Amino acid sequence: MKDLNIQELERRFQEKIDNDIKIEPRDWMPEEYRQTLIRQISQHAHSEIVGMLPEGNWITRAPNLRRKAVLLAKVQDEAGHGLYLYSAVETLGADREQTIDDLHTGKAKYSSIFNYPTTSWADMGAIGWLVDGAAIMNQVPLCRCSYGPYARAMVRVCKEESFHQRQGFEIISLLAQGTPEQKEMAQDALNRFWWPALMMFGPNDAESPNTLQSMKWKIKRLTNDELRQQFVDVTVPQAHMIGLTIPDKDLKFNEETGHYDFGVIDWAEFWEVVKGNGPCNKERVDARRKAKEDGQWVRDAAMAYAEKRKIQKAS
Amino acid sequence: MSNKEWPLWEVFIRSKQGLNHKHVGSLRAADSKMAVENARDVYTRRSEGISIWVVESNNVFASDPSEADSLFEPADSKAYRHPLFYDVPDGISHM
Ligand SMILES: [Fe+2]
Ligand SMILES: [Fe+2]
């Protein structure tokens with residue numbers, strides 16, 4: 001095997017991918033495949049962790065004990081998702097702490113949706129329904145990703161996500177059927193989260209140069225625009241069902257294609273938020289950095305204690 | 001201050017009595033006790049397990065995937081280890 005040249009190794013690698021044979025951590029893989037996965041999985045992990053902040057904001061203010069218990073469980077799940085993914089990224093030889101520091105210095109990105117504020121309780125509904133809904137659209141095809149540890153993490157994540165979406169839909173539909181003020185809260189949350197949710201799928205296919213290679217490697221199975229269309233097609237009827245209006249005057253069912261046509265996304269806003277200029281970018285990264293710094297002494301103390309015990313046991 | 005990173009642990013879960021422990025992933029923890037507690041929170045939030053094993057990752061020794069062919073070929077070439085290799089005459093039962 002050592003004497004195989006790189007072209008032959010690459011050919012065999014692609015042959016495995018084409019035959020739907022999973023790639024496992026210690027298998028040979030092209031360096032760009034490894035780097036693409038490290039980037040994608042660590043950014044996915046960061047999104048799960050940063051995603052806890054806008055919802056964590058409402059745990060102490062949930063309207064009743066049931067809602068509080070549910071939101072707490074949901075946010076705890078997101079922490080778990082982050083940990084499954086950091087675990088997957090470590091199998092690629094990446095340093096977990098380094099990827100986290102890359103988030104804190106702004107080098108690594110996370111989903112732009114979490115840079116929007118959560119200003120009312122209805123936002124907990126909109127996030128579960130739309131943001132977790134869009135995440136499910138993205139993550140279901142990732143269960144078939146060519147890299148074993150990522151695919152297996154996604155299977156666990158997807159099993160847990162469906163409760164996230166349902167609890168959000170429950171919140172927003174209840175508000176939508178409530179008093180006029182409550183209905184207005186629900187509509188307002190939809191108005192603010194609809195477009196950012198569509199942006200979660202990333203730039204249009206024409207502006208997404210890496211998609212082709214990712215599809216060839218079967219990291220990605222569907223393009224950004226395909227996933228976005230799926231999301232619009234399933235979500236619009238749900239909004240109608242609960243009497244809410246999608247904030248898009250160009251939205252129309254197209255009898256010919258069988259899909260909803262929808263308006264143009266404000267990509268200038270998307271790129272501003274990605275670049276760090278969204279309403280909450282600074283607040284989110286500061287909160288993560290502070291959590292790591294403030295927790296340093298706890299991690300050090302735990303490590304020192306473990307080492308001391310090891311010495312005591314040995315002597 | 002040790003300022004060292006917590007070691008990596010591989011986590012194995014027995015999902016129910018009568019089944020093997022199965023590898024589910026890894027996590028960071030200062031010691032084995034914390035690794036078991038963290039594994040409970042990370043990997044068994046929905047009753048996925050009744051027993052947990054944790055092994056420090058640097059204690060796992062693995063076969064080399066590039067040597068898989070020579071390592072496992074001897075088994076592939078021994079069809080006589082399987083019952084279907086043998087013809088059983090008609091009329092013989094319970095075999
Ligand atoms: Fe998640
Ligand atoms: Fe979620």
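Keep in mind that this is a model prediction, so the values were computed, not measured. The chains referred to below are lettered A, B, ... by the order of the sequence lines, with proteins before strands, and numbering in each begins at 1.
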Given a strict heavy-atom distance threshold of 4.5 Å, which part of [X] is in contact with chain A: side chain, backbone, both, or neither?
{"X": "Ser63(B)", "result": "backbone"}
{"X": "Ala62(B)", "result": "both"}
{"X": "Asp64(B)", "result": "both"}

- prompt: Can you check whether Glu293(A) reaches Lys290(A) side chain to side chain, under 4.5 Å on heavy atoms?
  reply: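 With C-beta onward as the side chain, the pair stays apart.
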Can you tell me if [X] and [Y] form a side-chain donor-acceptor pair at under 3.5 Å?
{"X": "Glu31(A)", "Y": "Gln35(A)", "result": "yes"}
{"X": "Gln312(A)", "Y": "Arg309(A)", "result": "no"}
{"X": "Gln98(A)", "Y": "Asp102(A)", "result": "yes"}

- request: Carefully, step by step, assess Arg28(B) and Glu97(A) under the rule salt bridge (charged side-chain N to carboxylate O under 4.0 Å, His left out).
  value: CA-CA 11 Å; Arg28(B) 295 269 169 184; Glu97(A) 289 309 310; over 6 Å; no
- prompt: If only atom types and distance count, is the side chain of Ser87(A) paired as donor or acceptor with the main-chain N or O of Leu83(A) below 3.5 Å?
  reply: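 It does not hold such a pair.
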Taking side chain as everything from C-beta outward and backbone as N, CA, C, O, which of these in [X] sits under 4.5 Å from a heavy atom of chain B? Side chain, backbone, both or neither.
{"X": "Asp77(A)", "answer": "both"}
{"X": "Glu90(A)", "answer": "side chain"}
{"X": "Arg152(A)", "answer": "neither"}

message: So which residue, Glu160(A), Lys159(A), His81(A), ends up with the most heavy-atom pairs under 4.5 Å with chain B?
response: Glu160(A)
